[in-house]
Amino acid sequence: MNLKNILLHSSALAILALGMSLVMLTNGIDLSVGSLVSLVSIVTAGLLGSKFGVLFAIFSGILTASFFGIFSGIIISRIKLPPFIVTLGTMVITASLALVLCGGETLYWEKNWFNTIALKYFFGVPILFCIVSIFFILIMLLIHYTSFGSYIYGIGSNEEALRLCGVKVKLYKTLVYLLSGCFASVAGIMLTSRIASGNPIIGMGYEFEAIAAAAIGGISFIGGKGNPAFAFLSAVTITMLTNGLGLMGFTTPWQYCGIGAILVFGMFLNRILAKVSLPER
Amino acid sequence: MTGHILLKGENIKKSYGHVDALKGVDFTLKKGEILALVGDNAAGKSTLVKILSGAISLDFGKIFIDEKEEHISNPAASRALGIETVYQQFALVDNLTVYCNVFLGRLINKKILGGIPILDKRKMQDESWKVINLMGIKFDSVKRKVSDLSGGQRQAVAIARALLFNPRIIILDEPTSGLAVKEVNKIQDIILNFKDKGISVIFISHRLESIFATADRIMVLRSGVKVMDEENDKITSKDVVEKMFAIEHKK
């Protein structure tokens with residue numbers, strides 16, 4: 001029963017970790033994913049209460065996050081501002097927008113199938129985790145079997161080499177931030193469905209957890225190294241940890257302490273393993 | 001054997017802010033000719049190479065290929081004209097495999113399930129093997145990451161990339177720097193082999209012995225100005241050094 005709970009609760013973080021992995025592989029970072037989750041939650045919940053229907057609300061949520069993903073990507077790739085600064089700005093903008101749009105209050109809508117879909121199971125596996133698993137498979141295929149995947153690793157390793165070879169580096173970088181935004185929207189929609197309401201601070205802290213999951217999963221902060229599959233597994237592990245700490249009676253701040261400690265320990269372990277696996281020269 | 005003039009530059013100028021990197025350089029390159037580009041640091045060699053490879057744009061001047069004026073606005077345009085460049089820093093991606101590096105910027109895709117493009121790894125591996133074997137440098141696998149290769153092997157990968165699409169002109173920026181003597185000799189053989197195939201070569205190097213062993217003609221740049229352009233057999237390394245460093249004879 002608790003395993004199902006862990007899978008259900010890890011879904012949002014797992015998909016955010018996938019997006020963050022792609023961004024970090026290009027030597028970037030996306031601090032805006034948490035606030036994008038909140039904004040998407042408010043946009044989707046707000047529109048669910050309108051006459052346009054569930055699919056329109058979902059589509060609008062995805063479009064909103066995609067817009068901010070492209071916004072960050074274009075500024076990072078074209079104007080060449082540091083990803084940390086750009087996505088920090090996007091984070092503040094979208095977090096503020098989320099609060100402005102709902103007036104700081106939680107949004108509800110008339111009950112429909114969207115309220116319950118997140119709590120359904122498919123052969124015992126939460127529907128949300130099934131959806132995330134589909135994204136996981138698609139990302140694995142993208143990374144290992146397409147030019148896009150090779151160029152993501154290439155950008156993180158030697159961006160100039162790709163540029164000199166005629167690769168459209170700016171386009172690929174923008175696409176990566178777009179994907180990260182899209183994944184944040186999926187996480188936002190899933191969380192909105194799960195809690196059956198739109199919450200302007202629901203995504204708070206998710207950017208930290210996603211970065212931690214990617215880093216613990218072996219994605220290098222300097223880009224070009226790592227496998228998003230491990231970031232995905234790491235996201236599930238982090239959820240297990242917080243879940244376990246919760247069951248032991250630790251409150252959310254203590255759970256964050258736990259994640260922080262795991263992050264530092266995980267990075268330390270990565271460094272040790274990297275040294276051990278270095279070939280003799 | 002060299003033929004007609006394949007590449008011609010007229011009055012090429014390039015500045016970086018207040019610094020004039022090239023001050024109106026003229027040059028020619030014949031079909032099948034090996035032209036050595038020599039000069040001290042900041043002579044303008046790399047700037048000229050970057051202009052020809054499309055990495056940067058010229059400020060003034062004209063470039064002709066087969067007597068037709070061409071505008072090389074980006075690396076893809078340069079490649080489309082049959083110009084391939086092997087850069088000084090190899091321009092390789094350490095975290096990618098040999099075959100991915102060989103095909104960098106031109107990865108081969110195949111369609112599956114009615115049109116979804118995926119990498120044709122087998123084809124790229126086979127093609128990479130063929131090109132690398134032509135150069136005679138030992139490789140155990142093209143699936144290895146470039147970070148695991150020796151200096152000579154890395155240079156071979158960079159040259160293989162240039163060779164893959166039947167270039168008309170290959171530009172080699174310091175291809176022998178940092179290599180062992182045996183590897184230097186191998187690279188020189190490869191350059192001479194280009195000539196046999198009718199490929200024109202622009203070859204930048206600080207190693208005068210490599211230059212005199214391979215080049216048909218030597219062009220010396222100093223502070224963005226062409227100060228010498230002579231046939232290899234009409235000059236000595238002493239002449240080249242004097243022009244490179246503006247050494248005057250005491251009479």
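Each chain gets a letter, A, B and so on, in the order the sequences are listed, and its residues count up from 1. Only heavy atoms go into these numbers, but all of them, side chains included; no hydrogens, no water, no symmetry mates.
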When you look at [atom1] of [X], are more than 12 heavy atoms from neighbouring residues, nucleotides or ligands closer to it than 6.0 Å?
{"X": "B:Lys23", "atom1": "NZ", "answer": "yes"}
{"X": "A:Phe71", "atom1": "CZ", "answer": "no"}
{"X": "A:Ile79", "atom1": "CD1", "answer": "yes"}
{"X": "A:Phe230", "atom1": "CZ", "answer": "no"}
{"X": "B:Tyr16", "atom1": "OH", "answer": "yes"}
{"X": "B:Arg122", "atom1": "CZ", "answer": "no"}
{"X": "A:Phe148", "atom1": "CZ", "answer": "yes"}

Response to the item:
Heavy atoms of A:Gly224 and B:Asn95 approach each other most closely as O-ND2, 2.9 Å
Worksheet item: Which of residues 47-61 of chain B get closer than 4.5 angstrom to chain A, counting heavy atoms alone?
Response: B:Ala55
Worksheet item: Is B:Leu107 close to A:Ser150 at the side-chain level, that is, under 4.5 Å between some pair of heavy atoms?
Response: yes
Worksheet item: A:Tyr145 side chain to B:Lys121 main-chain N or O, any donor-acceptor pair under 3.5 Å?
Response: no
Response to the item:
Contact list (residues 162-190 of chain A to chain B, heavy-atom gap under 4.5 Å, by number) returns A:Leu162, A:Arg163, A:Leu164, A:Cys165, A:Gly166, A:Val167
Worksheet entry | Part of A:Tyr151 lying under 4.5 Å from any heavy atom of chain B | side chain
Worksheet item: With only heavy atoms counted, which part of B:Leu96 is less than 4.5 Å from chain A, the side chain, the backbone, both or neither?
Response: side chain
Discussion item. Which atoms of B:Asn109 are under 4.5 Å from chain A, going by heavy atoms: the side chain, the backbone, both sets, or neither?
Written reply: side chain
Worksheet item: How many angstroms lie between atom CG of A:Asn158 and atom CG of B:Leu104, to the nearest 0.5 angstrom?
Response: 9.0 Å
Practice prompt. Check step by step if side-chain contact (heavy atoms from CB on, under 4.5 Å) holds for A:Ser147 and B:Leu119.
Written response: CA-CA 6 Å; A:Ser147 308; B:Leu119 290 176; 3.6 Å; yes
